[in-house]
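Predicted, not measured: the structure shown is a model, and the values here were computed from it. In what follows, every heavy atom counts, from backbone to side chain, and hydrogens, waters and symmetry copies are set aside. Chain naming here is simple, since letters A, B, ... match the order of the sequence lines and numbering starts at 1 in each.
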Protein chains: 4
Amino acid sequence: MTVSASPERRRELLNTAAEVFAAQGYNATTVRKIADAAGMLAGSLYYHFDSKESMVDEILATFLTELWDGYDAVLAAGLGPRETIEALVTESFREIDRHRPAVAIYQKESRHLAAQPRFGYLTDSQQKFEKAWLGTLERGVTEGVFRADLDIRLTYRFVRDTVWVAASWYRPDGHHSPEEIARQYLSMVLDGIAVRT
Amino acid sequence: MTVSASPERRRELLNTAAEVFAAQGYNATTVRKIADAAGMLAGSLYYHFDSKESMVDEILATFLTELWDGYDAVLAAGLGPRETIEALVTESFREIDRHRPAVAIYQKESRHLAAQPRFGYLTDSQQKFEKAWLGTLERGVTEGVFRADLDIRLTYRFVRDTVWVAASWYRPDGHHSPEEIARQYLSMVLDGIAVRT
Amino acid sequence: MTVSASPERRRELLNTAAEVFAAQGYNATTVRKIADAAGMLAGSLYYHFDSKESMVDEILATFLTELWDGYDAVLAAGLGPRETIEALVTESFREIDRHRPAVAIYQKESRHLAAQPRFGYLTDSQQKFEKAWLGTLERGVTEGVFRADLDIRLTYRFVRDTVWVAASWYRPDGHHSPEEIARQYLSMVLDGIAVRT
Amino acid sequence: MTVSASPERRRELLNTAAEVFAAQGYNATTVRKIADAAGMLAGSLYYHFDSKESMVDEILATFLTELWDGYDAVLAAGLGPRETIEALVTESFREIDRHRPAVAIYQKESRHLAAQPRFGYLTDSQQKFEKAWLGTLERGVTEGVFRADLDIRLTYRFVRDTVWVAASWYRPDGHHSPEEIARQYLSMVLDGIAVRT
DNA sequence: CATGAATGAGTCTTCATTCAT
DNA sequence: TATGAATGAAGACTCATTCAT
């Protein structure tokens, strides 16, 4: 594997690449576009990275590592189901805030990429993800804090999608902090948008 | 424009193409893959269509036409805000049911395609869409049926995304009819997943 | 695997490719050079072949198949050691005559190519080859028709190289038929170039 | 021309390069592979050498200089034709022993390289070579020590190839000294491998 | 209607080479 | 002397598209 001496340059380039991947899609992003955005020639990128693929790889792997650091901390905290969901959602919006391009790439390309062995960790992560969220929801139903009349898998998908699609429109320069957005989302998800009668 | 003699063959081919586009993404879908799926050679597709682009074009345009037929009927019915939202959501899940590949393509590629003049109608549709949903939500807030303490644009995105992402996992062979899914989604969106205390 | 309908065109192109490979070496031969020699564009070759590699593959495999057809016939004929060597040498020069470019490629590139699993048959062939020649020589020593005072492996290499290097200078338009060359080579190999005293 | 301070380092590097060139072929050898083998970075080689080409150049030129030192001594010794051939063959195996990588490179690449003006000396050397060997053989035929019934150019190629291909399998750590191998080769070439009847 | 064959532009990648430090 | 980083030209391969049959 190509590893350049200065990790800062590497990270810089990966940030640039992530931005372009997120904006144009992995396939539509040519190595030349990334290089242009980085102010160098296409071939020069290969001094730092093995391939275009290894770039997404590193972008996604880095993001998922950080994501799971946060998630695992939440899951280990021994909170009740509702508080766990609240903490996971908040953590998710924080990740979207910090890794927006990576999250957008993950959303658009992970299904596609996961077909390759190299990206097996995407599938692994997705399974861990499902277990964490679905498990918490089930616990909540059991403990009577979440509604029992809903299809639990539907609920899971609802909550999951609801959070992560936000990465497609979220712009960090907006007026809302990730915590503020999380609070509103949680309010909608938990209590609905209808006025209580 | 190339027009083949039999419109049925044309529609068949477009269905095939839509399936492949949805499964692999527009860019990753080669004309050859579509032709393979249709049991012909790549070049032969050009008897029926001008280009790969004109295929997505026709797929998306057909879908949007039908979608707006349904939406316009709902919007013209003079329902109250809550009933309008319910009808729009239900209509949306019906469209997902009937045009799943088209919806999936729309989700993944529309931002990307809308950059080209040829696909200007995607932007138009999106604006009409926003006006319809956002307007209904605002009306609902004014009339006191939707919560006033939420950022209305956030609510809009929440409801919109919540519905359409379903196209990414929806499988028509499932146990749930579109109406059943719509009912559950509406229940979650309107009343939340938390048990009322 | 790409297989064009007309095997003749395929063979034509392979002949062209073999000529270029033989003249310039596999690595130094660009796909464009082959295409130029064939009067088409580089990309067009990929309608007929999967890759540059698959071209050499087919060239070498075809050659080796024919070679072993001939060799196996000789080995199955139940000849004495000396007659076997004579027949093998003659057969070899015939193959050089018919597949000169393929033989030249085999000489120059087989060691290099054999490293890849795809070309495993090169190693197999080489082992069969060694067994056939070395075995015959050993039989000859045992039966007293070949000298016993020589290192048998050295003799094997001597005879083997002696024959096959001829491919590097042999030109089919020469005055010598393959049989004539074989006869002279055999005379040298068997009886030496020195005048008997 | 770049000239490094210590000629020993230069020679070390050339030996390394020759080894890699011989093992992988000139074209397939990247400057980076040579640098790896030498324990430095690719760019660093350019402190010592002008180019990859100048490396082979120096390797081959050095080898040919030494070869001709030996050959010229033999040719000047006034030996009879048979003794001259014996001495040349022995000298050749000694060169193979001392410059195996260079000889291998010469075998594989000289035809290819000779096309460039810079390597004109390869053609010159080859012509001198032919004159020496062919002349000696002709003298031998005239003097009645070599067979007159053979095509003399065929004989020349036979003897020449017979000796030099050995470089492709010769390994200095073997049981045979160059002189021993030369003796056996000469015995085969001069007297043949068949038992005299 | 469909095939077979080709085009040509573009993509990812490699690599010899340069040069400031 | 050697490194790190970059250049730029070229190479293998892909793919939308064309067109004669």
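Take the nearest nucleotide of DNA chain F for C:Y26 and for A:L13: the residue whose nucleotide is more 5' is A:L13. Checking C:S51 against D:A42, the closest nucleotide of DNA chain F that is more toward the 5' end is the one next to D:A42. Positionally, the nearest nucleotide of DNA chain E for B:M40 lies more toward the 5' end than for the other of B:M40 and A:G43.
C:E53 places its CD atom 11 Å from the C1' atom of F:dA12, with the value rounded to the nearest Å. As rounded to whole Å, 13 Å separates atom P of E:dA6 from atom CZ of C:R10. Whole-Å rounding puts the D:K52 NZ to F:dA10 C1' distance at 13 Å. The distance between atom CZ of D:F21 and atom C1' of E:dA16, rounded to the nearest whole Å, is 11 Å. In this entry the distance linking CG of A:N27 with C1' of E:dC12 reads 12 Å, nearest Å. Atom CG of C:L45 is separated from atom C1' of F:dC15 by 16 Å (rounded to the nearest Å). Following rounding to the nearest Å, B:L41 (CG) and F:dT18 (C1') show an atom-to-atom distance of 14 Å. Residue A:E12 contributes atom CD, which lies 13 Å from atom C1' of F:dA5 at whole-angstrom precision.
Contact check, C:Y46 against F:dT14: no side-chain N or O comes under 4.0 Å of OP1 or OP2. An OP1 or OP2 oxygen of E:dG4 is reached within less than 4.0 angstrom by no side-chain nitrogen or oxygen of C:H48. Phosphate contact (OP1/OP2 of F:dA6, side-chain N/O of A:R9, threshold under 4.0 Å): present. Within the 4.0 Å cut-off from OP1 or OP2 of E:dA5, at least one side-chain nitrogen or oxygen of C:Y47 is found.
In this structure the side chain of B:L60 reaches within 4.5 angstrom of the side chain of B:Y121, judged on heavy atoms. Within the 4.5 Å cutoff, side-chain heavy atoms of C:F21 are placed close to those of C:K52.
In this structure, the separation between CG on A:N15 and CD1 on A:I59 is 8.0 Å, given to the nearest 0.5 Å.
At a threshold of 4.0 angstrom between heavy atoms, the contacts of D:S54 with the nucleic acid are absent. The residue C:S44 sits close to a base: some heavy atom pair falls under 4.0 Å.
Comment: C:K33 does not engage C:E19 in a salt bridge, judged by the lack of any side-chain N to carboxylate O separation of less than 4.0 angstrom. Ionic pairing of C:E58 and C:R10 is present here: one or more N-O contacts between side-chain nitrogen and carboxylate oxygen are shorter than 4.0 angstrom. Classification of B:E8 and B:R11 as a salt-bridged pair fails, no side-chain N sitting under 4.0 Å from a carboxylate O.
Taking a pair as Watson-Crick or G-U wobble with both distances under 3.5 Å, the runs of three or more consecutive pairs in DNA chain E are E:2-21 with F:2-21.
Aromatic ring orientation, A:F63 versus A:H99: tilted (interplanar angle from 30° to 60°).
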